[in-house]
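Just so you know, ligand 1 is whichever comes first in the structure, and atom 1 is the first atom listed for that ligand.
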Amino acid sequence: MATQTLTEDVRAWLERFSAALEESDLEKVLALFGDQCFWRDMVSFTWNVKTAEGKDEIRAMLEATLPSAAPASWRVEGEAMEMFGAVTAFVAFETATGRGKGHLRLVDGKCFTLLTTLYELKGFEEKIGASRLPGRNLAPEPNRQSWAAKRELERGELGYGKQPFVVIVGAGHSGVMLAARLRALNVPTIVVDKGSPGDSWRNRYGSLHLHTPSYMDNFPYLDYPAGWPTYPSKDEMGDWIEAYVKIMNVNVWSHSSVESSTFDDESKEWAVAVTRPDGKTLTLRPKHLVLCTGMYGDPRVPDFSGAEIFGGSQHHSSRHGCGGADFAGKKCVVIGTGTSGHDVAQDLWEKGADVTMVQRSPVFVIRSETLAAVYVDPLFHDSSPMSQQHADLLMVSTPYRLVAPFQAPMVEEIKRRDGDLHERLRERGFRVHFAEDGSGLAGLLNRTATGYYYNMGASYLIASGEIKVRSGGVEKVTERTVVLTDGSQVPADVIVYATGSRPVSEVVARVTSPEVAAKVGPLWGYGSGLDGDPGPWEGELRNIYKPTAQEGLWFHIGGLVQTRFGSLLVALQLKARFEGLPTPVYR
Ligand SMILES: NC(=O)C1=CN([C@@H]2O[C@H](COP(=O)(O)OP(=O)(O)OC[C@H]3O[C@@H](n4cnc5c(N)ncnc54)[C@H](OP(=O)(O)O)[C@@H]3O)[C@@H](O)[C@H]2O)C=CC1
Ligand SMILES: O=C(O)C(=O)Cc1c[nH]c2ccccc12
């Protein structure tokens with residue numbers, strides 16, 4: 001069908017939808033939805049991130065939120081398209097307090113999936129683009145203060161004379177993205193980091209590069225230079241974060257440690273004790289505390305019996321390359337086959353070592369070229385006709401309940417493109433999988449964000465036998481070997497534990513308290529009961545980009561592409577609270 005006809009169809013549906021909402025006639029609204037239907041709202045109706053599944057849940061959500069949201073001005077953005085049997089379109093709308101964007105899938109003229117997200121608060125629009133500020137009074141001004149002097153004054157006051165509204169812990173990409181957005185919204189914010197911006201990348205093994213194409217991973221407001229490499233090195237990424245902080249005027253307190261943070265239920269304020277580089281500890285009193293401390297917790301070092309008598313050297317992958325050890329000619333055993341295991345194994349091979357990987361569980365392996373072609377380029381490549389904003393919306397438009405069926409065509413395409421490599425890996429005893437429900441990367445990313453590898457070379461070395469693979473768990477370590485659960489022994493001069501990280505809730509307990517960590521519960525995962533993501537079903541990432549069980553506590557974590565979008569959601573929620581707007585949270 002012609003695109004124009006499809007767009008007219010969507011417009012007609014939106015008109016009926018809009019009219020029914022305006023009349024608050026829920027039966028009329030629900031009649032526009034198919035029997036299987038989903039409405040995912042991100043902050044625009046619910047002041048929460050929530051997927052209503054089926055008509056009953058949509059009715060309940062609307063009963064609670066429609067009167068205050070008062071949506072209007074629904075329109076189609078761009079042209080509708082036919083995709084996987086649905087008519088799809090991006091939409092825009094307004095609520096009483098803000099402006100929203102969304103995405104719609106119609107099947108047989110009825111709504112199958114609807115996404116609504118807030119992107120702007122009325123009266124508090126970012127001063128960007130056409131509404132940018134002049135930055136200088138164009139009339140003569142006696143005793144004019146320089147920009148630098150004003151900035152210096154601001155820096156000196158914030159946290160001392162003037163309390164920040166928000167304290168962000170962690171100056172990695174998620175912390176600085178959120179801080180940049182809060183600055184654009186005029187919400188006083190301090191980012192506290194025990195190191196300095198860029199460390200999250202710099203303090204890693206030397207061979208580390210970004211593994212997703214950088215054109216997908218732009219920061220808010222500021223794209224990478226047009227000639228930025230597709231896979232920048234860790235130091236380029238570190239420099240980028242440092243430069244971003246500088247250019248976006250983010251207030252970072254570097255080399256400052258959060259000693260404790262407690263929420264006072266009376267004053268609705270946090271007391272965050274921070275030790276500054278001069279050794280003095282002072283207390284910040286923000287209304288909101290945002291942990292941007294990363295997706296992953298402390299290094300997980302297994303407690304293998306015999307590790308203490310091992311005669312060679314052993315380290316966790318997070319320490320790999322520190323200390324400048326010489327690995328040439330050494331027998332190196334890498335335990336763990338996630339991204340770090342692959343990267344470290346390849347690094348050791350490139351340094352002339354004899355490398356064996358020990359694999360406990362199967363891994364999703366995809367060639368980087370295939371990752372780009374299947375997941376990334378249709379949305380984000382320079383040649384994609386879609387704007388970054390629309391691409392971001394499309395990424396969050398799938399309800400988690402539908403991950404497996406929606407991913408099926410992608411998984412088929414991966415098998416078509418990378419089947420040969422997978423076959424060669426299997427012949428070498430390396431186990432490849434596509435997640436428990438066959439959803440591939442999308443399932444793994446959203447459940448645990450572990451158990452996958454985008455090939456940067458290591459898979460070829462495994463397929464050719466140059467990196468050896470042993471299957472199974474580790475029984476123990478002896479003076480010069482790693483003993484596997486089948487009793488076999490692998491000789492070792494070096495053991496690298498590429499065994500991932502401990503639960504991130506430990507970090508939460510350390511920054512706040514064990515009680516708060518317990519109250520908040522696990523982070524990430526949507527309660528699928530699959531691939532190490534425990535139930536019960538939540539249908540949304542636990543505690544991410546939305547209010548938590550602890551008042552004033554937020555978690556802004558995720559990959560670069562996720563936090564570019566998530567930072568907008570969190571920033572708007574914080575801005576609304578800063579301005580005292582009503583934010584009734586629908587749970
Ligand atoms: N350049 C980049 O972009 C990089 C990104 N990352 C990111 O970090 C994430 C985490 O990666 P990674 O550090 O590899 O951690 P993962 O958690 O993905 O991998 C840990 C590996 O160690 C295994 N393991 C854990 N404990 C044991 C044990 N006692 N005995 C045997 N095996 C064990 C795990 O097996 P099992 O599955 O059975 O638990 C798994 O294979 C990645 O998914 C990626 O998002 C990491 C490195 C580089
Ligand atoms: O592996 C990571 O850390 C990522 O950020 C991967 C990722 C998140 N969202 C995506 C969408 C398409 C391809 C990869 C990713």
Enquirer: Tabulation required: pairs of a nitrogen or oxygen in ligand 2 and a protein nitrogen or oxygen under 3.5 Å; columns are atom names and distance to 0.1 Å; otherwise 'none'.
Expert:
{"from": "ligand 2", "atom 1": "1 (O)", "to": "Y452", "atom 2": "OH", "distance (Å)": "3.0"}
{"from": "ligand 2", "atom 1": "1 (O)", "to": "Y454", "atom 2": "OH", "distance (Å)": "2.8"}

Enquirer: Please report the interatomic distance OH(Y497) to CZ(R300), rounded to the nearest 0.5 Å.
Expert: 14.0 Å
Enquirer: If you measure every N/O of T339 against every N/O of ligand 1, is any gap under 3.5 Å?
Expert: yes
Enquirer: So for M456, does at least one of its heavy atoms come nearer than 4.0 angstrom to any atom of ligand 1?
Expert: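 Per 4.0 Å heavy-atom rule, M456 does not contact ligand 1.
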Enquirer: Is the closest heavy-atom distance from L208 to ligand 1 below 4.0 Å?
Expert: yes
Enquirer: Compute the minimum heavy-atom distance from S317 to ligand 1 and say whether it is under 4.0 Å.
Expert: no
Enquirer: Backbone, side chain, both or neither: what part of Q359 comes under 4.0 angstrom of ligand 1, heavy atoms only?
Expert: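 Near ligand 1, Q359 shows nothing, with every heavy atom at 4.0 Å or more.
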Enquirer: Which bit of Y205 gets closer than 4.0 Å to ligand 1, counting heavy atoms only: side chain, backbone, both or neither?
Expert: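 Contact part for Y205 vs ligand 1: side chain (C-beta onward).
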Enquirer: If every non-hydrogen atom of P220 is compared with every non-hydrogen atom of M177, which pair is closest and at what distance?
Expert: CD-CG, 3.4 Å
Enquirer: Could you tell me whether G336 and ligand 1 have an N or O pair separated by under 3.5 Å?
Expert: no
Enquirer: Is the ring pair F90/H390 parallel, tilted or perpendicular, if the boundaries are 30 and 60 degrees?
Expert: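 Taking H390 first and then F90, their aromatic rings lie parallel (interplane angle under 30°).
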Enquirer: Check this for me - ligand 1, S501, N or O atoms closer than 3.5 angstrom, yes or no?
Expert: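 S501 vs ligand 1: no N/O contact under 3.5 Å.
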Enquirer: Return the CZ to OG1 distance between F304 and T499, rounded to the nearest 0.5 Å.
Expert: 7.0 Å
Enquirer: To the nearest 0.5 angstrom, please state how far the CD atom of E475 sits from the OG atom of S305.
Expert: 7.0 Å
Enquirer: Quick check against the 3.5 Å criterion: does H316 have a side-chain atom that pairs as donor or acceptor with the backbone of P299?
Expert: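 It does not hold such a pair.
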Enquirer: Among Y221, Y224, F219, exactly one meets ring pair (Phe, Tyr, Trp, His ring centres under 6.0 Å) together with Y244. Which residue is that?
Expert: F219
Enquirer: Checking contacts here: is it the side chain or the backbone of T337 that comes within 4.0 Å of ligand 1, counting heavy atoms only? Could be both or neither.
Expert: both
Enquirer: Can any side-chain N or O of Y296 pair as donor or acceptor with the backbone N or O of A449 at less than 3.5 Å?
Expert: yes
Enquirer: Measure the acute angle between the ring planes of F112 and F38, then classify it against the limits of 30° and 60° as parallel, tilted or perpendicular.
Expert: perpendicular
Enquirer: Checking contacts here: is it the side chain or the backbone of T212 that comes within 4.0 Å of ligand 1, counting heavy atoms only? Could be both or neither.
Expert: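 No part of T212 comes within reach of ligand 1.
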Enquirer: Applying a strict 4.0 Å limit to heavy atoms, is G451 in contact with ligand 1?
Expert: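 The answer is yes: ligand 1 sits under 4.0 Å from a heavy atom of G451.
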Enquirer: Any salt bridge between D354 and K468, counting N to O under 4.0 Å?
Expert: yes
Enquirer: Can you give me every donor-acceptor pair (side chain of residues 343-350, partner residue at least two apart or in another chain, under 3.5 Å) with its distance?
Expert:
{"from": "D343", "atom 1": "OD1", "to": "H211", "atom 2": "NE2", "distance (Å)": "3.4"}
{"from": "D343", "atom 1": "OD2", "to": "Y205", "atom 2": "OH", "distance (Å)": "2.7"}
{"from": "D343", "atom 1": "OD2", "to": "H211", "atom 2": "NE2", "distance (Å)": "3.3"}
{"from": "Q346", "atom 1": "OE1", "to": "A458", "atom 2": "N", "distance (Å)": "3.2"}
{"from": "Q346", "atom 1": "NE2", "to": "E350", "atom 2": "OE2", "distance (Å)": "2.9"}
{"from": "Q346", "atom 1": "NE2", "to": "M456", "atom 2": "O", "distance (Å)": "3.3"}
{"from": "D347", "atom 1": "OD1", "to": "K351", "atom 2": "NZ", "distance (Å)": "2.7"}
{"from": "D347", "atom 1": "OD2", "to": "H320", "atom 2": "NE2", "distance (Å)": "2.7"}
{"from": "D347", "atom 1": "OD2", "to": "K351", "atom 2": "NZ", "distance (Å)": "3.2"}

Enquirer: Does any part of the side chain of E236, heavy atoms only, come nearer than 4.5 Å to the side chain of W201, both counted from C-beta?
Expert: no
Enquirer: With a 4.0 Å heavy-atom cut-off (strictly under), which part of Y454 contacts ligand 1: side chain, backbone, both or neither?
Expert: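 Neither part.
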Enquirer: Assert yes or no for the condition that the ring centre distance of Y231 to H209 is strictly below 6.0 Å.
Expert: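 No, the ring centres sit 6.0 Å or more apart.
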Enquirer: Would Y497 count as a contact residue for ligand 1, given that I'm defining contact as a non-hydrogen atom of the residue lying under 4.0 Å from a ligand atom?
Expert: no
Enquirer: What about S340: any of its N or O atoms under 3.5 Å from an N or O on ligand 1?
Expert: yes
Enquirer: Quick test: of every protein heavy atom, which one is nearest to atom 31 (C) of ligand 1, and how far off is it to 0.1 Å?
Expert: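 For this ligand atom, the closest protein heavy atom is I335 CG2, 3.6 Å.
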